[in-house]
*Asks:* 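Below is a structure I'd like to ask you about.
None of these values were measured; they are calculated from a predicted model. All chains are named by letter (A, B, ...) in the order of the sequence lines, taking the proteins before the strands, and each is independently numbered beginning at 1.
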Amino acid sequence: MYQIPRGTRDFLPEQAERFRRLEEAAVRLASQYGYGEMRTPIFEYSELFERGVGEGTDIVEKEMYTFQDRGERSLTLRPEGTAGVVRAFVEHKLYNGPLPAKYFYFGPMFRYEKPQAGRYRQLWQFGIELLGAEGPRADVEVIALGWQYYQKLGVEATLVLNSIGCRQCREEYKKALVAYLRGGKICKLCSGRLERNPLRVLDCKEESCQQALEGAPRISQYLCPACQEHFEGVKAGLEGFGIPFELDERLVRGLDYYNRTTFEYKTKQLGSQDALGGGGRYDGLVELVGGPSIPAVGLALGIDRIELMDPPALKAGEGRQGVWLVTMEPAAQRAISLVHPLRQQGIKLQYDLLGRSFKAQFKQADRSNCRWTLIIGPDDLEQGQAVLKDMETGEQQPLALENLVQLVSNLEGVK
RNA sequence: GUGGGUGUAGCUCAGUUGGUUAGAGCACCAGAUUGUGGCUCUGGGGGCCGGGGGUUCGAAUCCCCUCACUCACCCCA
């Protein structure tokens, strides 16, 4: 028997519908804020991610689905959404258009990881990118949109916020941090990190590292005046919106392109996979990808994890809807023909395709959650009528076949 | 990538110290009710006991390998 590839999932109709509702909520929210959809390919040239996401990141080092095509080009299934959107933004020279540019995306991402609860090799993300706005108001808009998404779905999330400074102040901080940690007791992994990406030591969970970090220099002490002012602006903006947040100086995030603001939405409901979404500012990325120097900020929200939390917004089921035709030989073909125009009127209509008994047809109607059954047997045809049954109350009444389409169209819950 | 747990019907799970034809509940199909769903009763279909190898007269049960799922670590969504 064939099995689904590791870390991927099938969405059977019920679950697919849950996912669709999450997507619809995302699309509606994004357009409310004025973001337009950007659809980019599911794979890109590997170099885009290697350079854009960053050589030293976990994603690039060990999680990419990379393969060669027949032209021996190296391609990679996208591990995240920002690089592709920025590539498209630059390639189509959209920076010549009105700024800021506001885009959202919704779709699958791919990371080669060992699967566990809330972690998949094919995962879905909803993301937004806001390009061309430098001030803290832009950061606040992005963070607020994510916050509103969780609120709308009834998901309880905690917002964690940090600023990792700009290139200049971060360099200074890195130097100070490396100087402090050198010679201290840190884990093997972090000894390597110390050279290549010292900030990553900050969110290491090894006890030795956390101990070594006590009394270490803090990024907040190294922020240059401009970065400090920006960060204050972000905090003030969030307060103005009544969005609560916690500060965490160890929030670094795994992608190289971030600067200044970083943030994450967390939950306690998911066990060890507690990150629901996150993002930050990435002022240097557009230039890195070959465009002009344009500031930007964005976020990505994990849809699988939200669905896993079974948010209240997904619980409200729809009531009974539509019509089921119940008929029997020798009237069946005639009855089906009579009823077909209902479908052309946009009415939800089903009927038995297996030649099942009368009783079984009602059972199917019930199970399909139909609101009405329309009974048209041989006797009814003779009398020129159909019998309409309300599946909620069980009440029945005759309908004249002549006006069938009109009569049924006026029923409630049929479209 | 490292470590732990679990694999028996579509689903949730029983299955004794290794012993005859592997069970239950739910779901599915049919009948009781030849024109009426939900409730009830009766019957039926469905299993390479994850896969391969070994021990044994005999393996769902014991041993080895493998695959999958799952949880944790790393990291993230």
*Asks:* Less than 4.0 Å between a side-chain N and a carboxylate O, is that true for A:Glu113 and A:Arg119?
*Replies:* yes
*Asks:* What about A:Gln396: does its side chain form a donor-acceptor pair under 3.5 Å with the base of B:rU36?
*Replies:* yes
*Asks:* Need the pair for B:rA59. Rule: Watson-Crick or G-U wobble, both distances under 3.5 Å, any strand; none if unpaired.
*Replies:* none
*Asks:* For A:Gly118 and for A:Ile4, locate the closest nucleotide of RNA chain B by heavy-atom distance; then report the residue assigned to the nucleotide nearer the 5' terminus.
*Replies:* A:Ile4
*Asks:* Is it the case that more than 12 heavy atoms not belonging to A:Glu402 sit under 6.0 Å from its CD atom?
*Replies:* no
*Asks:* If I pick the C1' atom on B:rG38 and the same atom on B:rG45, what distance separates them, to the nearest angstrom?
*Replies:* 24 Å
*Asks:* For A:Glu63 and B:rC76, give me the distance from atom CD to atom C1', rounded to whole Å.
*Replies:* 7 Å
*Asks:* Where the side chain of A:Lys389 is defined as all heavy atoms beyond and including C-beta, which of B:rC74, B:rA77, B:rG37 is the nearest nucleotide?
*Replies:* B:rG37
*Asks:* Expressed in whole Å, how much space separates the P atoms belonging to B:rA22 and B:rC49?
*Replies:* 11 Å
*Asks:* Look through every strand shown and name the nucleotide pairing with B:rU12 as Watson-Crick or G-U wobble, where both distances are under 3.5 Å.
*Replies:* B:rA24
*Asks:* Using atom P of each nucleotide, how far apart are B:rG37 and B:rG31 to the nearest Å?
*Replies:* 12 Å
*Asks:* For A:Arg119 and B:rA77, give me the distance from atom CZ to atom P, rounded to whole Å.
*Replies:* 10 Å
*Asks:* Using the ring centroid of each side chain, check whether A:Trp147 and A:Phe263 are separated by less than 6.0 Å.
*Replies:* no
*Asks:* Whole angstrom is fine here: how far is it from CD1 in A:Ile375 over to P in B:rG37?
*Replies:* 10 Å
*Asks:* Does the ring center of A:Tyr222 lie less than 6.0 Å from the ring center of A:Tyr173?
*Replies:* yes
*Asks:* Charged N to carboxylate O under 4.0 angstrom, A:Arg260 versus A:Asp139?
*Replies:* no
*Asks:* A:Phe104 and A:Tyr33: aromatic ring centres closer than 6.0 Å?
*Replies:* no
*Asks:* State which of B:rC75, B:rG37, B:rC28 makes the closest approach to the side chain of A:Asp58.
*Replies:* B:rC75
*Asks:* Using a heavy-atom cut-off of under 4.0 Å over every strand shown, decide if A:Leu123 touches base, sugar-phosphate, or nothing.
*Replies:* base
*Asks:* Please give, in whole Å, the distance from B:rC29 P to A:Arg356 CZ?
*Replies:* 5 Å
*Asks:* For B:rC48 and B:rG44, measure between their C1' atoms and round to the nearest Å.
*Replies:* 23 Å
*Asks:* Ignoring hydrogens and angles, are the base of B:rU36 and the side chain of A:Lys363 linked by a donor-acceptor pair under 3.5 Å?
*Replies:* no
*Asks:* To check you understand the geometry: which heavy-atom pair defines the closest contact between A:Tyr265 and A:Gly146, and what is its length?
*Replies:* OH-CA, 3.5 Å
*Asks:* Closest approach to the side chain of A:Lys359, judged atom by atom: which nucleotide of B:rC73, B:rU33, B:rG1 is it?
*Replies:* B:rU33
*Asks:* Among the candidates B:rG35, B:rC28, B:rG1, find the nucleotide nearest to the side-chain atoms of A:Tyr112.
*Replies:* B:rG1
*Asks:* Whole Å only: how far is the OH atom of A:Tyr65 from the P atom of B:rA77?
*Replies:* 17 Å
*Asks:* On a whole-Å scale, what distance lies between the P atoms belonging to B:rU61 and B:rG7?
*Replies:* 12 Å
*Asks:* What nucleotide, of B:rA77, B:rG35, B:rG31, holds the atom closest to the side chain of A:Arg305?
*Replies:* B:rA77
*Asks:* What is the separation between atom CZ on A:Phe358 and atom P on B:rG35, rounded to the nearest whole Å?
*Replies:* 7 Å
*Asks:* Expressed as a whole number of angstroms, how long is the span from A:Lys62:NZ to B:rC74:C1'?
*Replies:* 5 Å
*Asks:* In whole angstrom, what separates A:Glu113's CD from B:rC75's C1'?
*Replies:* 6 Å
*Asks:* Base, sugar-phosphate, or nothing for A:Arg121, non-hydrogen atoms under 4.0 angstrom?
*Replies:* nothing
*Asks:* Which nucleotide in the set B:rG31, B:rG37, B:rU70 lies at the smallest distance from any side-chain heavy atom of A:Lys114?
*Replies:* B:rU70
*Asks:* So, OP1 or OP2 of B:rC69: does either fall under 4.0 Å of a side-chain N or O from A:Arg6?
*Replies:* yes
